[in-house]
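Data block below; observations after.
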Amino acid sequence: MTEHPFHDQLSLEEQVEKLGKRAVSLGLIPSFVVHFFPDTWVFYIPNESQSEALTPEEAYFRLNQLVKQ
């Protein structure tokens with residue numbers, strides 16, 4: 001069984017933020033934006049033409065795939 005580095009919403013959001021910073025530092029994405037709201041964080045991974053809002057779960061899976069490649 002794989003152990004995840006998060007166990008609740010806040011730790012998931014914090015892990016996504018770390019993955020985003022790592023992906024930027026590795027040059028995998030040009031930038032990474034986090035909008036903080038009282039009940040959740042919203043993540044943006046801009047590309048050349050657009051940027052869509054991602055839930056913490058969507059952002060985690062997308063960034064995790066990028067960093068692991």
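Just so it is clear, the model here is predicted, and its values are computed rather than measured.
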*Are Val42 and Leu19 joined in one hydrophobic group, where the rule is that I, L, V, M, F, W and Y side chains link up if heavy atoms are under 4.5 Å apart?*
no
*Write down the atom of Val16, the atom of Pro56, and the distance for their closest heavy-atom approach.*
CG2-O, 3.4 Å
*Would you say Gln15 and Tyr60 make side-chain contact, with heavy atoms under 4.5 Å?*
yes
*When hydrophobic residues are tied together by side-chain contacts of less than 4.5 Å, even through go-betweens, does Ile45 share a cluster with Phe61?*
yes
_For a 4.5 angstrom cut-off between non-hydrogen side-chain atoms, does Trp41 reach Glu17?_
yes
*asked:* Starting from Val33, can I reach Phe43 by hopping between I/L/V/M/F/W/Y residues whose side chains sit under 4.5 Å apart?
replied: no
*Measure the spacing between CG of Leu54 and CZ of Phe32 and express it to the nearest 0.5 Å.*
8.5 Å
*Is Ile29 close to Leu63 at the side-chain level, that is, under 4.5 Å between some pair of heavy atoms?*
yes
*Group every Ile, Leu, Val, Met, Phe, Trp and Tyr by side-chain heavy-atom contacts under 4.5 Å, then state whether Val24 and Val67 land in the same group.*
yes
*With hydrophobic residues grouped by side-chain heavy-atom distances under 4.5 Å, do Phe37 and Tyr44 end up in a single group?*
yes
*For Gln9, all residues meeting side chain to side chain donor-acceptor pair (under 3.5 Å), sequence neighbours excluded*: Glu13
*asked:* Return the CD to CG distance between Gln69 and Leu26, rounded to the nearest 0.5 Å.
replied: 12.0 Å
